Structure formats: structure tokens, C-alpha cells
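Fair warning: this is a prediction, and the values are worked out from it, not measured in the lab. So you know, we letter chains A, B, ... as the sequences are listed, proteins then strands, and number each from 1.
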Amino acid sequence: MNFVDELRWRGMIHDMTPGTEEQLNKEMTSGYVGIDPTADSLHIGHLVSVMILNHFQRCGHRPIVILGGATGMIGDPSGKSQERNLLTEETLRHNQQAIQKQLKKFLDFDSTEKNRALLLNNYDWLSKFSFLDFIRDIGKHLTVNYMMAKDSVKKRIAGEGDGMSFTEFSYQLAQGYDFFHLHEHFQCKLQMGGSDQWGNITTGIELIRRKTGQEAFALTCPLITKADGGKFGKTESGNVWLDPEKTSPYAFYQFWLNCSDEDSKKYIRIFSLLSKAKIETLEKEHDNAPHLRILQKKLAKELTIRTHSLEDYEAAVNASEILFGKGTAQQLSKLSEKMFFSVFEGVPQIKIEKTLLEKPIAVEDFLAEMTEIFPSKSEVRRMLKDNAISVNKSKIDDTYTFSHESLINQKYILIQKGKKNYYIVIVV
RNA sequence: GGGAGAGUACCAGAGCGGUCAAAUGGGGCAGACUGUAAAUCUGUUGGCGAAGCCUUCGGAGGUUCGAAUCCUUCCUCUCCCA
């Protein structure tokens, strides 16, 4: 299998340096991408790079992941984020372990194959550099003129912003040095990344060329977009993480299931390993019956199983059916407690005293004051008028009162605001 | 330092003495339709209530029967001149 061809039909190539393809066809090549270890989990924005490495490895090359423990402290100037927090070494190691565990689902680190993946942390070499050594051995090889010609720098200097600190300006050198280091110690000849990394990558190539006279290569992929112009990988509740503690498998599954038709065609090429023929067949089926959401379901399935597990996937499908299917109060009460809470995992839970339900309580009082699910009684009244509130999957009106009889299995009440917003009240 | 102007609900932006809880647009939320979609249409978008009442228009005072609207002062922002 040819790596470049594979990425090409998947729409994952934005740009390459000349000769990249020849190099990859010539021999097993080591290539790397960098990841910022700012959290102890990857999110789906990272997944593109990871998938590139996955293809890279399946095509017989050796993938290397660099955690930017050191560079992450500096901050890539492309984002105008505030001062980065310095990660302690302890946190760094913790994050590294957690991330590696997740990467193992996508890359083979442990086999005896000679192209098994490698995970490194640039903190291990950059932290040992003295300032003097760095500017003498590295800074000397590149002119400021060269560095200033980069788009990411030009924009900041020409722009109206607050200018650019020397620290940020140096970022490309640090990243460039990484490439050089890997080239020297791991025969790494290729760096990959998002198209926004092009400038940083070519700095590394230039550094390698000047210091060693040898050639190195770059390959970038387009930044992932959504058809509606929104930012990929974000939901109302923030990033979509791979860590099930941060984003439940159910929410993860739902994220992919809710992709638009247009996006899912793009995403299934990027995030699944399905063959070209298979994807094209699925697309045809999808277009014939778009409401079945064949692509979204397939995509969600592939990724949920890979990232989490088959059991998690099945539970997510099950939960989705209860939540969005024609679930009824009867069905709800049939669920075991364990199943109930796994279906409604991640749903806000409100605990109340059992004694409060001894006498009937008016809807507004219960929903606005006792449980604070709604911000005010007026809000509750409005929602009731709109026919938007359900208790235990049944619509209610303003004559409804809460009491012991509202409880499912003596224990909880399921409140719905509209179709998608669930709340669970638990008596204690 | 001198001059001009502006600050209104989540945002933008009308209102310039009573009919203003405050136009309109966007956003949000909900309903219908649907594919847990998009588009569209509808409702709703300060609080408590049955009518009605209470608190809101940068802050604090004042004029008036009555102020988001007039006056004083303070704060903040924008523009122009040096």
C-alpha cells in the first residue's frame, strides 16, 4: 500500500515537499508528528494526526509521536492564547502515560516489528539545552530574515496586535530543533502535521540541511472544517475527549452520529480505515436513504469501538434508542438501575430529600425552586405553555404535581426539557 | 492638555418626558415538520402573580404628578485638535 496515494484519496494531503513520495517509496521511513501534552487525554482534534500515523505505520513506515513537553511551554504563535502555564515535570509524565495509553489503540508500540511506533518527549532533550548552547549551535544556522519570512511571524509583525514576544518568535527554532534531533538520533526524515505547521516544519528541514547537508521532508494535511463553518471537534460542552471520564462513550458516539451528511463523507475518509470501494458503496446507500444516516452510524461505530470498546458501543446505541426512540415510562421502569445510570451517564443529576415528596408539589415549585433545573418559575410556565416538559418520557401540563408516584423504581425521576435535555432527580 | 460624542436587555441597535419591561435584527430556548439533521414556519426570550405588582436602560444624586428620555456629578469608552 502506498502511503501518499492512500492519504490522497482520503483527502488528507494539503502540501508536500518535493521528493517526499520518492523517499517513502524508496525505503522504510521514520516520520513524526508533534502533540501538545497539555492535558492527560487526547481530543478528537488530535485524531487527524494520529490517523495519519496509523496509515503511515500500516504502509510499513515507522511513526514517531513527539509530545511537546518543552515546546508546549512556549506556545505556538499561531494561536494568540495567553501565557502558557508551565507544566511541572510530574504532570508532564502523567500526561505522557495517559496519552500513550490512548495512542496504543491506534498505533502499534509493542510488537517486534521494526516499524513499531515510538513515543518521545522533547522535554527530554530540549530541557538539557543551555541558552548559550542553543543560540550558538542552532540559532547560528538560520537567519532572522528567514524566520521572519514565515507567514505565522509576518502576520504577527504586520498586524495590529500586540506584537510578538521573542519567546514566541523562537518557537519555530525549538520545533525545528526537534526535527533535527530526531533526524540525528532516529533517522527521522519526515515531519507531518496540520497545514498550519508548514512554516515550522520547513524551518526544521532547513536546519537539517544547513547542519548536515541532508534532505528532509514535510507533509501536511488540511485543517478539518465543518460544512457550516463551525469549529471541528467542539460541542456546547467543550472538547470531545478520548478519555471516557471526560467525554462518556455515549457522548462520543453521539458526536459522530450527529455529523452533517456533508461532513460525514469527509470524516469517514479521514477517521475510518474502510477501503475506498467500501466508502463509495456506503455513500451511495447513504444518498439513497439519507435519513438512515448510514455514514454517520458507520463512522460512530468504527470510532467508538476503536477508542472505547465493543461493549461501550453497544451501550451507547442502546442508550440512544431509549433516549431518542419511542421510549415510554414502562420501558424506563424495566431498566435495571445499573442500566438506567449507564444510559443517563453524563446527564445532570439533582439529589433531593425523600421526605420532600411526601406531599404533592406543584410543577413550578419543584422544577424551579426545589431542584433548580429551571432558572425561574416563569421559565417553567413558558416551557409548559410550549408543551416542552416531560416527566418520565410523558408530556406534562401545569396541572401535574410531583409526589412519590412520580418516582421510577422508588428512586428517580426523569425530567426532559424539550427533546434533548435530560435531568435526573434522585431521592436520597 | 483642548474640543466633540457615546454608554439601553445575551449581542447589535431604536427610543429622547407619560401609551416603555422598552421597536427591529441576530443569537438562545421551545413547538411543528424531519433523519436525534439542514432549511422553513410558529411561539418565547427580567422576576413574582389570576388581573396586577416589583426590579431594570453605566453609577450616584436632583427636577417633575410622572424620566431610559431633562439637570448635576462621577466612572468608562470612542473620535477630533495639540
- Message: Using a heavy-atom cut-off of 4.0 Å across all strands, would you classify Glu262(A) as base, sugar-phosphate, or nothing?
- Response: nothing

To the nearest angstrom, the CZ-C1' distance between Phe374(A) and rG47(B) comes to 17 Å

To the nearest 0.5 Å, atom CG of Leu7(A) lies from atom CG of Leu24(A) at 9.5 Å

Residues pairing under side-chain hydrogen bond (donor to acceptor under 3.5 Å, both in side chains) where one sits in residues 41-60 of chain A, two or more places apart or in two chains, turn out to be Ser41(A)-Gln102(A), Asn54(A)-Arg58(A), His55(A)-Arg58(A)

Taking a pair to mean Watson-Crick or G-U wobble geometry with both distances below 3.5 Å, rU78(B) pairs with rA4(B)

Separation of rA30(B) atom C1' from Gln416(A) atom CD, nearest Å, is 13 Å

For rG31(B) and rC79(B), measure between their P atoms and round to the nearest Å. 45 Å

Whole-Å distance, Lys377(A) NZ to rC53(B) P, equals 20 Å

- Query: Angle class for the Phe166(A)/Phe169(A) ring planes (parallel below 30°, perpendicular above 60°, tilted otherwise)?
  - Reply: tilted

Judged by nearest nucleotide, the residue sitting upstream toward the 5' end of RNA chain B, Asp261(A) or Glu369(A), is Asp261(A)

Within the 4.0 Å heavy-atom criterion, would you say Lys395(A) contacts the bases, only the backbone, or no part of the nucleic acid?
sugar-phosphate

Between rA22(B) and rC74(B), how far is it from one P atom to the other, in whole Å? 34 Å

* Rounding to the closest angstrom, what is the interatomic distance between rU55(B) and rC16(B) at atom C1'? -> 23 Å

| message | For a quick check of understanding: with a heavy-atom distance under 4.0 Å over all strands, which category does Asn258(A) fall into, base, sugar-phosphate or nothing? | response | base

- [ ] Would you indicate what Leu323(A) reaches in the nucleic acid, counting non-hydrogen atoms under 4.0 angstrom: base, sugar-phosphate, or nothing?
- [x] nothing

Show me the protein contacts with nucleotides 38-46 of chain B, counting only N or O atoms at under 3.5 Å.
residue	atom	partner	partner atom	Å
rU44(B)	O2'	Arg382(A)	NE	3.3

Comparing nearest nucleotides in RNA chain B, the 5'-proximal residue of the pair Arg381(A), Leu257(A) is Leu257(A)

Applying the 3.5 Å cut-off to both distances, the Watson-Crick or G-U partner of rC10(B) turns out to be rG26(B)

Atom CG of Leu299(A) and atom P of rG35(B) are separated, to the nearest Å, by 21 Å

- For Glu379(A), report the nucleic acid contact type (base, sugar-phosphate, nothing); a contact means any heavy atom under 4.0 Å. nothing

Applying the 3.5 Å cut-off to both distances, the Watson-Crick or G-U partner of rC70(B) turns out to be rG62(B)

*Select base, sugar-phosphate, or nothing to describe what Lys419(A) touches, counting heavy atoms under 4.0 Å on all strands.*
base

Check your understanding: Is Lys301(A) paired with Glu314(A) through a side-chain N to carboxylate O contact shorter than 4.0 Å?
Key -> no

Rounding to an integer number of angstrom, what distance separates rU72(B) and rC81(B) when you compare their C1' atoms? 28 Å

Open item on the list: Between Phe179(A) and Tyr32(A) (judged by ring centroids, cut-off 6.0 Å), do the two rings come close enough to count as a pair?
Closed with: yes

Next on the checklist: Distance check, P atoms only: rC48(B) and rU42(B), in whole angstrom units.
Outcome noted: 28 Å

Point to revise | Span that lies between the P atom of rU63(B) and that of rC53(B), in whole angstrom | key: 25 Å

Q | Distance, P atom - from rG59(B) to rU76(B), rounded to whole angstrom | A | 15 Å

query = If you measure from the Lys or Arg side-chain nitrogens to the Asp or Glu carboxylate oxygens, is any gap between Asp365(A) and Lys377(A) under 4.0 Å?
reply = yes

Under a 3.5 Å limit on both distances, the Watson-Crick or wobble mate of rU55(B) is none

note: Glu285(A), atom CD; rG35(B), atom P; distance rounded to Å ~ 18 Å

- Task: Run the salt-bridge test on Arg116(A) and Glu113(A) with the 4.0 Å N-O cut-off and return the result as yes or no.
- Result: no

From OH of Tyr423(A) across to P of rC29(B) the rounded distance in Å is 11 Å

query: Asn421(A) near the nucleic acid: base, sugar-phosphate alone, or nothing, with a heavy-atom cut-off under 4.0 Å?
result: sugar-phosphate

Determine, step by step, whether Leu407(A) and Tyr412(A) satisfy the side-chain contact (heavy atoms from CB on, under 4.5 Å) criterion, reporting the C-alpha distance in whole Å, the side-chain angles of both residues, the deciding distance to 0.1 Å, and the verdict.
-> CA-CA 5 Å; Leu407(A) 291 170; Tyr412(A) 32 81; 5.7 Å; no

Between CH2 of Trp256(A) and C1' of rU36(B) the distance, given in whole Å, is 18 Å

rC41(B) and rG46(B), which share atom name P, separated by this distance in whole Å: 23 Å

From CD of Gln254(A) across to C1' of rA37(B) the rounded distance in Å is 12 Å

**Asked** Does the pair Asp5(A)/Arg8(A) count as a salt bridge with the N-to-O cut at 4.0 Å?
**Response** yes

